[in-house]
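Side chains included, hydrogens not; waters and symmetry mates left out as well; all remaining heavy atoms used. Fair warning: this is a prediction, and the values are worked out from it, not measured in the lab.
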Amino acid sequence: MGSLYHHVKCPEGAKAKKFKLIVLDKHLKPFLPLTVFYKEAMGRIAESSAESYLKTLYTFFTWLHTDSNYQGRTVKWDDEPHIVRVAIEDFLMHEAHCKVITSDSKTYYNVKLTQKSPHTVSRMLSALKSFYKIMIHVRMYLYPNPLIDAHAILEEHQDQREGVRKGKPRMPKEAGTEEPLPKSARRLTDSFFKVINGEWKPHIIDDPHLPFMIYRAGDNSKWKLRDEIITRMLFQTGARAREVIELTFGDYRARNDKGEFATFNKGSHGKRTKFLKVDNDTLKLLDRYIHGERKKVDKSGLEMNDTPDKTPIFLNQHGNPYTYDAFLKNWSTITDKAEIKINIHKTRHWFVTRSIRMIRQDYKDKTEQDKAIEKLRIYMNWSPKADTMKVYEHYVDGKDYVAEQHDRLLERMNKEEKEYFEEKKPRKRAHQPSVEPRNKVSQMPEKQHELMSFIEELNS
């Protein structure tokens, strides 16, 4: 059964008085709880995350309306916590095919995913926890959060306070008079439903020909030049799809190098905090798009150098900003024709895996490899505390990028593409994009300046 809920967004250019997005039920009437949730979540998490949570909640709320049962009646979202928990437990077992086991303390449930469980279970539980937190905050839900284990919070508080001195609170670790609490004594989560085998790991994709298989499928599908450019940029930069699709002319002008674009990062709320780098072939395609396909639908009629910085580079057939959802539809069509099951985000995993493999091949000294991998982490704008990079390293090491390697990666991709197609159709020669860089946009982090100096030194 399809979802009973969907949403509509405020039209582009219209000023939303209160809600930029409205959730509608099956009767096309506004559903206030989820509408308010999205509005409040937008101030706490990134827009893409808020929308992802919302779509996940549609699945649970639809099931709640059609299949939930508590003592012979349908469960409502604003029922008492113990009733809501019963509904969630039923959903996890019967709809999500999970095993739900009571903890030893009998104060929370462990959730074990099975092979039939969808990969969205952890996200749904996080979304529900966030939903009830917001509903409590706006006083639409009058009970404690059903997704929080209150007993564990009290136990943790007691454990943290009790020290060796009877009746006295524990001394801080800086005092050096008491043994610090072991990591096992610290709670990792206060959730009532705890997924115990759903740790996220990046999906490793290591086929060097993957981009070219997608390119050929696109050609066979007669894809738009715009979609070809976006796809090439995804594989060449390791960026998230929105970071490419929502690029502006100001993003190109922000960087001195002709092959670079400034862009935002997940959670940066639109602030340009990193950069992307592409090859000359992609720039030539971009120039052809700007002066051809894009110019035909551009409503402004302005020359490119007169276009405001905030103007999006990619437009749809109506001259409006191209969207992630529109590209996703075209991407699905292309990958279906190629008979390749791959979502857009996997281009990012492919980029990192291939980059680390090149590092292992090109640097024999372990110290140099570590330096190169650290520069790749900076380029990807990942936290130094995250273990994401180690997963990729482990994969590459078991089988047998960085900024300074980036030019080499692009060169190798170009070579492998030609080998894959054997005979590549010649393209008409085009000038470099005529949008001249302007040294006037936001400063990049100091480490990225060091990164670019290293690239220039490498290429000199």
Side-chain angles (χ1 to χ4, degrees), residues 3-10 16-71 73-93 95-96 98 100 107-109 111 118 120-154 156 187 189-195 267 269:
S3 174
L4 298 181
Y5 302 89
H6 71 281
H7 61 259
V8 292
K9 292 185 177 180
C10 182
K17 292 183 178 180
K18 193 170 184 180
F19 301 109
K20 292 184 178 180
L21 176 150
I22 297 177
V23 177
L24 304 176
D25 62 18
K26 65 176 182 177
H27 303 297
L28 301 183
K29 293 182 178 180
F31 187 67
L32 194 58
L34 290 178
T35 300
V36 172
F37 164 74
Y38 180 82
K39 174 181 177 292
E40 295 294 324
M42 281 288 289
R44 307 177 186 209
I45 57 179
E47 180 180 359
S48 58
S49 298
E51 194 163 334
S52 176
Y53 273 14
L54 188 62
K55 291 177 180 178
T56 304
L57 289 173
Y58 289 166
T59 302
F60 177 74
F61 273 73
T62 296
W63 177 88
L64 202 66
H65 182 80
T66 59
D67 295 299
S68 66
N69 185 296
Y70 179 78
Q71 296 183 355
R73 69 172 179 86
T74 298
V75 178
K76 298 179 180 179
W77 73 267
D78 55 354
D79 272 325
E80 294 179 52
H82 72 279
I83 300 176
V84 174
R85 286 172 174 171
V86 168
I88 295 173
E89 181 184 358
D90 286 346
F91 177 89
L92 290 171
M93 290 191 298
E95 188 71 14
C98 299
V100 182
T107 62
Y108 64 90
Y109 287 156
V111 179
T120 54
V121 171
S122 293
R123 189 192 313 159
M124 189 206 74
L125 291 174
S126 296
L128 280 170
K129 185 177 178 181
S130 178
F131 169 78
Y132 279 103
K133 184 177 181 180
I134 287 174
M135 291 298 100
I136 292 169
H137 175 72
V138 298
R139 298 185 179 181
M140 290 179 68
Y141 188 71
L142 306 179
Y143 306 103
N145 193 327
L147 278 292
I148 289 181
D149 176 12
H151 294 86
I153 296 177
L154 292 174
E156 178 190 22
R187 283 184 51 77
T189 174
D190 60 358
S191 298
F192 185 82
F193 293 95
K194 300 172 177 53
V195 177
H269 302 288

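Taking the charged nitrogens against the carboxylate oxygens, Glu51 and Lys55 do have a contact shorter than 4.0 Å, which makes a salt bridge.
When every heavy atom of Asn145 is checked against every heavy atom of Arg85, the shortest pair comes out as O-NH2, 4.0 Å. Listed here is the closest heavy atom pair of Ser68 and Thr74: OG-CG2, 3.5 Å. Heavy-atom minimum distance, Val195 versus Ser122: CG2-OG, 3.6 Å. Between Asp149 and Ser191 the shortest heavy-atom distance is CB-O, 3.9 Å.
Considering CD1 of Ile148 and OH of Tyr132, their distance stands at 12.5 Å, rounded to 0.5 Å.
Judged as a ring-ring contact (aromatic ring centres under 6.0 Å, His included), and not counting sequence neighbours, Tyr53 has no contacts. The ring-ring contact (aromatic ring centres under 6.0 Å, His included) search around Tyr70 returns none, not counting sequence neighbours.
For the pair Phe91 and Leu64, the minimum side-chain heavy-atom distance is 4.5 Å or more. Counting heavy atoms from C-beta outward, Glu95 and Thr59 have side chains that stay 4.5 Å or more apart.
The backbone N or O of Ala87 sits nowhere less than 3.5 Å from a side-chain atom of Asp90 that would complete a donor-acceptor pair. Checked by atom type and distance alone, the side chain of Asp78 never pairs as donor or acceptor with a backbone atom of Met140 at under 3.5 Å. Side-chain atoms of Thr56 come within 3.5 Å of backbone N or O of Ser52 as a donor-acceptor pair. A donor-acceptor pair is defined here as one N or O able to donate and one able to accept, closer than 3.5 Å; such a pair exists between the side chain of Thr35 and the backbone of Val23.
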Practice prompt. Evaluate side-chain contact (heavy atoms from CB on, under 4.5 Å) for Phe19 paired with Val36, printing each intermediate quantity in order.
Written response: CA-CA 8 Å; Phe19 301 109; Val36 172; 4.3 Å; yes
Worksheet item: Would Asp25 and Leu4 count as a side-chain contact (heavy atoms from CB on, under 4.5 Å) if you check the C-alpha gap in whole Å, the side-chain angles of each, and the deciding distance to 0.1 Å?
Response: CA-CA 6 Å; Asp25 62 18; Leu4 298 181; over 6 Å; no
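Between Phe131 and Phe61, the ring centre distance stays below 6.0 Å.
Residue Arg139 places its CZ atom among 12 or fewer non-hydrogen atoms of other residues, nucleotides or ligands, all under 6.0 Å distant.
The only option from Trp77, Tyr141, Phe192 that meets the side chain to side chain contact (heavy atoms under 4.5 Å, CB included) definition with Val84 turns out to be Tyr141.
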